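Written below as structure tokens is the structure these notes are about.
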Amino acid sequence: MTLLTVLHYPDPRLHKVAKPVAKVDERVRKLVADMAETMYNAPGVGLAATQVDIHERIIVIDVSEDQNQLMVFINPELVWASTEKKSWREGCLSVPEFYDEVERPDQIQVKALDIHGKPFELKADGLLSVCLQHEMDHLLGKVFVEYLSFLKRNRISLKMKKRAKELVGQR
């Protein structure tokens, strides 16, 4: 397995819309394994392929306490969302060290393909619901900071650009 490089906001590649996976094969399974290793190493609870500059509709998630229940969503689609909303404090591997409240539907239902290419549907609430919505946004080219005010988003963007320059200067 290989650790992948996570893109950081405001990298324009984070705004690319992911294409559907045509066939779940060994290449896709290796990518899923690499994404899972990258997510666990970060550490995080979710990762979309877009975040590692692969613009295919693939998500890995593990919201379990022990991080031992990997869930894979290939070509996920939102089937249903509750009208009831809930606010959660979100963070993102592509926007490290920044967290803020985002309001999303409390419950959702998605359909997707699993690691073997078999279709399934899942109803989710709580952290899993938030994580799925957050990662599916990435597949549409949207980062969670886009739910924040222009002022907050701009401040985060400037801080991330400054941090990137500092990292380049240290090399």
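Nothing here was measured: the structure is a model prediction, and the numbers come from that model.
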Note: Lys159-Glu166 ion pair, threshold 4.0 Å (strictly below): no
Side-chain donor or acceptor of [X] paired with backbone N/O of [Y] under 3.5 Å:
| X | Y | result |
| --- | --- | --- |
| Thr38 | Asp34 | yes |
| Glu135 | Ala48 | yes |
| Arg57 | Val17 | no |
| Asp25 | Arg27 | yes |
| Asn75 | Val21 | yes |

Glu103 versus Ser87, side-chain donor and acceptor atoms under 3.5 Å: no
Under 3.5 Å side-chain donor-acceptor pair for Ser64 and Asp62: yes
For residues 115-132, run the donor-acceptor check on the side chains, cut-off 3.5 Å, and write out each pair with its distance to 0.1 Å, sequence neighbours left out.
residue, atom, partner, partner atom, Å
Glu121, OE1, Gln109, NE2, 2.6
Ser129, OG, Asp106, O, 3.3
Ser129, OG, Gln133, NE2, 2.9

pair Glu56-Leu139: side-chain heavy atoms closer than 4.5 Å: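 No. Closest side-chain heavy atoms not under 4.5 Å.
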Candidates Leu113, Ile58, Val72 - the one meeting side-chain contact (heavy atoms from CB on, under 4.5 Å) with Val28: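 That would be Ile58.
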Residues 1-15, side-chain donor-acceptor partners within the protein, below 3.5 Å, at least two apart:
residue, atom, partner, partner atom, Å
Asp11, OD1, Arg13, N, 2.8
Asp11, OD1, Arg13, NE, 3.0
Asp11, OD2, Arg13, NE, 3.3
Asp11, OD2, Arg13, NH2, 2.6
Arg13, NH1, Asp53, OD2, 3.1
His15, ND1, Gly141, O, 3.0
His15, ND1, Glu146, OE2, 3.4

Pairs involving residues 128-154, ordered by first then second residue, that meet ring-ring contact (aromatic ring centres under 6.0 Å, His included) (sequence neighbours left out): His134-His138, His134-Phe144
